[in-house]
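Naming convention: chains lettered A, B, ... in sequence-line order (proteins, then strands); numbering from 1 in each chain.
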Amino acid sequence: MSVAAITYSTIFLLALLGAPIFAVMAALALTSFHFSGIELSAVAVEIYRLASAPTILTIPLFTFAGYVLAESKAPVRLLRLSQALLGWMPGGVAIVCLFICAFFTAFTGASGVTIIALGGLLYPILIQEGYSEKFSLGLITTCGSLGLLFPPSLPIILYGIIAKVDIDKLFLAGLVPGFVLIAVLGGYALFNARKIKRPSTGFSLRELHEAILIARYEIPLPIMVLGGIYGGFITATEAAALSAFYVLVVNSFLTKDLSFKRDLPKVITESLTLVGAILLILCCALGLTNYLVDEEIPMKILEAMRSFITNKYLFLFVLNIFLLIVGCLMDIFSAIIVVVPLILPIAEQFGVNPLHLAVVFLTNLEIGYITPPVGINLFISSYRFNRSVIELYKLSIPYLILMILALILITYIPWLSLIWF
Amino acid sequence: MERVLQAFDDLLERFSRLSLISCLYLILGLAVLSIFLRWCGISPNWLEPLIRHLVFLSAFLGGSLATSKGAHIKIDLITHLVENAKSRFFYWLHRNMITLFCLITTLVLTKSSYDFFSVEREFGGEAFLGLHSSVLVAIIPFGMSLISLRFFNRLLLSLIQGDVRGSHNL
């Protein structure tokens with residue numbers, strides 16, 4: 001066994017043993033450059049490329065905005081508004097849960113904040129409405145990553161940076177598939193609502209009016225982001241800056257949910273620790289992915305695949321299986337950074353539209369959040385609701401099946417992602 | 001020795017946290033200013049690269065905090081099993097082996113980025129606002145050395161304290 005093989009095997013073993021991904025990426029890049037006879041300072045040159053990525057600013061600012069929202073009383077206000085709007089419908093409370101979680105995940109980037117921030121609010125409401133414990137826990141666990149396809153989700157931005165795809169277009173491409181996922185889970189919620197004998201609360205115009213007044217500062221936020229970007233008034237980067245500034249001013253000075261001196265430093269530290277962890281992986285992966293592309297590794301994989309994958313549909317099927325496995329083993333940020341540069345040229349050869357590929361990719365990883373054995377939402381829910389992970393494995397199964405059904409629709413009906421283009 | 005190391009680690013933690021908070025406010029302020037200036041038809045060419053480099057710096061400061069909190073993203077396949085293992089020695093070995101791996105990697109990255117900085121200092125030019133490009137490149141060796149120091153401290157503290165469970169996350 002050569003020295004190179006031993007070094008690579010050791011690094012892979014350490015990765016499996018739980019070494020931070022950024023260190024694994026850096027070690028792989030340094031080893032690859034060393035064995036190719038390239039100066040190690042080339043890795044630092046690659047790392048520095050991150051400082052010239054034009055959309056890099058969106059990552060810390062949208063994450064900060066999401067964390068501020070999660071730490072404030074915005075979840076309570078939005079919950080009241082959603083209940084006033086949809087609570088009267090059969091299965092309305094569960095549908096409220098879907099929409100409010102999707103909204104929060106879109107802003108917090110599916111980092112587990114949704115379950116932590118909203119789980120405690122939504123769970124008692126679902127139980128009070130008569131939903132079973134099994135259904136309620138499964139729904140909240142699944143909803144923790146539901147808004148991942150909606151703007152301004154962090155994984156979409158990261159995908160755009162890595163794949164060099166227009167982030168504005170990616171935001172649009174994810175809209176319909178995002179609603180497909182909500183519709184599928186909403187259908188299941190309605191199915192479960194049949195068993196509930198409790199009379200649902202009726203629609204009240206007065207309550208809706210009050211709820212709108214209470215949530216008046218949160219309502220403009222999605223309008224500002226989506227309307228601003230697609231109205232051509234602001235870029236995605238500017239939308240991030242305005243959102244962060246807006247939630248900071250609203251929650252510190254208008255609603256006074258967060259103290260500028262006491263709470264905000266904590267929120268900044270928490271949100272930017274996550275951002276730091278993601279950007280470090282991104283930095284270190286730049287060197288590795290550049291090496292892989294220079295060595296034409298994706299093309300070699302493509303050549304190997306061509307012998308048994310003959311068409312686009314078979315490719316998408318194999319890709320889904322592969323990404324579901326990746327989603328079980330890796331977190332979404334590492335998966336995007338590591339896997340996207342490898343599959344992008346292959347998918348292009350099979351004629352898969354880059355926007356459609358992005359949506360399929362992110363949907364797979366969204367499912368990965370609830371896929372046993374290491375779906376992160378399962379662990380967060382286990383911690384939040386003090387249940388065993390095994391119990392959550394069982395609860396997640398019906399949701400997993402439904403999400404895979406939605407994935408099949410999203411994969412084989414590209415129109416869902418490309419309707420706007 | 002342990003108290004000195006802990007005090008030094010606390011100092012690094014405070015430095016990282018305060019710098020990160022300042023960075024975020026600066027990024028946010030400058031980003032909003034750039035939008036306002038654009039609406040006024042003014043686009044200073046130094047503003048955007050300055051913001052991008054502040055974000056770049058905050059990546060390393062956030063990385064320093066992630067190191068102390070054990071919040072780095074990792075594959076959680078075996079970690080849970082190891083953390084629940086009955087053998088305290090195995091847990092200790094696993095934790096220190098990974099910290100050592102991270103320390104070596106970040107040290108090599110510090111050296112390689114310092115080499116890049118040296119080349120840039122010799123051959124680089126003015127980037128913006130009168131700043132030499134090597135000053136901007138220096139963010140990498142600075143950030144990497146900060147993270148290396150955090151790993152070094154954690155390794156030493158872990159070796160001194162023995163296998164105290166949960167005292168240091170990976």
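Only the side chain of B:Ile51 comes within less than 4.5 Å of a heavy atom of chain A; its backbone N, CA, C and O stay farther away. Both the backbone and the side chain of A:Ser52 come within less than 4.5 Å of a heavy atom in chain B. At a 4.5 Å heavy-atom cutoff, the contact between A:Leu272 and chain B is made by backbone and side-chain atoms alike. For chain A, no part of B:Glu120 is nearby; none of its heavy atoms comes within less than 4.5 Å. Interface residue B:Tyr25: only side-chain heavy atoms are found under 4.5 Å from chain A. At a 4.5 Å heavy-atom cutoff, the contact between A:Phe233 and chain B is made by backbone atoms alone. In this structure, the portions of A:Leu57 lying under 4.5 Å from any heavy atom of chain B include both its backbone and its side chain. The contact between B:Ile21 and chain A is made by backbone and side chain atoms together, counting heavy-atom distances below 4.5 Å. The contact between A:Phe64 and chain B is made entirely by side chain atoms (from C-beta outward), counting heavy-atom distances below 4.5 Å. At a 4.5 Å heavy-atom cutoff, A:Val389 makes no contact with chain B through either its backbone or its side chain. Within the 4.5 angstrom heavy-atom criterion, only backbone atoms of A:Ala53 (N, CA, C, O) approach chain B. Looking at A:Leu14, the atoms closer than 4.5 Å to chain B (heavy atoms on both sides) sit in the backbone and in the side chain alike. Looking at A:Leu248, the atoms closer than 4.5 Å to chain B (heavy atoms on both sides) all sit in the side chain, from C-beta outward. Only the side chain of B:Ile147 comes within less than 4.5 Å of a heavy atom of chain A; its backbone N, CA, C and O stay farther away.
Of the listed residues (A:Ile47, A:Thr237, A:Val43), the one with the most heavy-atom contacts under 4.5 Å to chain B is A:Ile47. The candidate with the highest count of non-hydrogen atom pairs below 4.5 Å against chain B, out of A:Gly287, A:Ala23, A:Ala51, A:Ala240, is A:Ala51. Most heavy-atom pairs under 4.5 Å with chain B, from the set A:Ile21, A:Ile11, A:Val275: that is A:Ile21. Interface check for chain A: of the options B:Ile27, B:Leu28, B:Ile104, the most heavy-atom pairs under 4.5 Å are formed by B:Leu28. With chain B as the partner, the residue from A:Ala42, A:Ala27, A:Ser41 showing the most heavy-atom pairs under 4.5 Å is A:Ser41. Chain B forms the most heavy-atom pairs under 4.5 Å with one residue out of A:Leu264, A:Leu279, A:Thr273, and that residue is A:Thr273. In terms of heavy-atom pairs under 4.5 Å with chain A, the best-connected choice from B:Arg52, B:Glu48, B:Arg17 is B:Arg52. Between chain A and the options B:Phe101, B:Phe117, B:Tyr114, heavy-atom pairs under 4.5 Å are most frequent for B:Phe101.
Put simply, CD1 on B:Ile73 and CD1 on A:Ile281 are 4.0 Å apart, with the number rounded to the nearest 0.5 Å. Distance check, rounded to the nearest 0.5 Å: CD1 of A:Ile268 to CG of B:Leu18 gives 11.0 Å. Taken to the nearest 0.5 Å, the CG atom of A:Leu16 stands 14.0 Å off from the NZ atom of B:Lys74.
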Check step by step if side chain to side chain contact (heavy atoms under 4.5 Å, CB included) holds for A:Leu17 and B:Ile98.
CA-CA 8 Å; A:Leu17 282 172; B:Ile98 292 194; 4.0 Å; yes

Between B:Lys69 and A:Thr269, does the side chain to side chain contact (heavy atoms under 4.5 Å, CB included) criterion hold? Intermediate values first, please.
CA-CA 11 Å; B:Lys69 288 180 184 170; A:Thr269 309; 3.8 Å; yes

Begin from the C-alpha positions of B:Thr105 and A:Cys284 and carry the test side chain to side chain contact (heavy atoms under 4.5 Å, CB included) through to its verdict.
CA-CA 11 Å; B:Thr105 309; A:Cys284 297; over 6 Å; no

Evaluate side chain to side chain contact (heavy atoms under 4.5 Å, CB included) for B:Leu24 paired with A:Leu61, printing each intermediate quantity in order.
CA-CA 8 Å; B:Leu24 192 272; A:Leu61 292 184; 4.1 Å; yes

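A:Ile234 and B:Arg38 get closest at one heavy-atom pair: CA-NH2, 4.2 Å. Residues A:Ala241 and B:Val32 come closest through the heavy atom pair O-CG2, 4.1 Å.
The aromatic rings of A:Tyr48 and B:Phe116 sit perpendicular to each other, their planes meeting at more than 60°, with 30° as the lower class boundary.
Looking at B:His72, its side chain never comes within 3.5 Å of a backbone N or O of A:Phe22 through a donor-acceptor pair.
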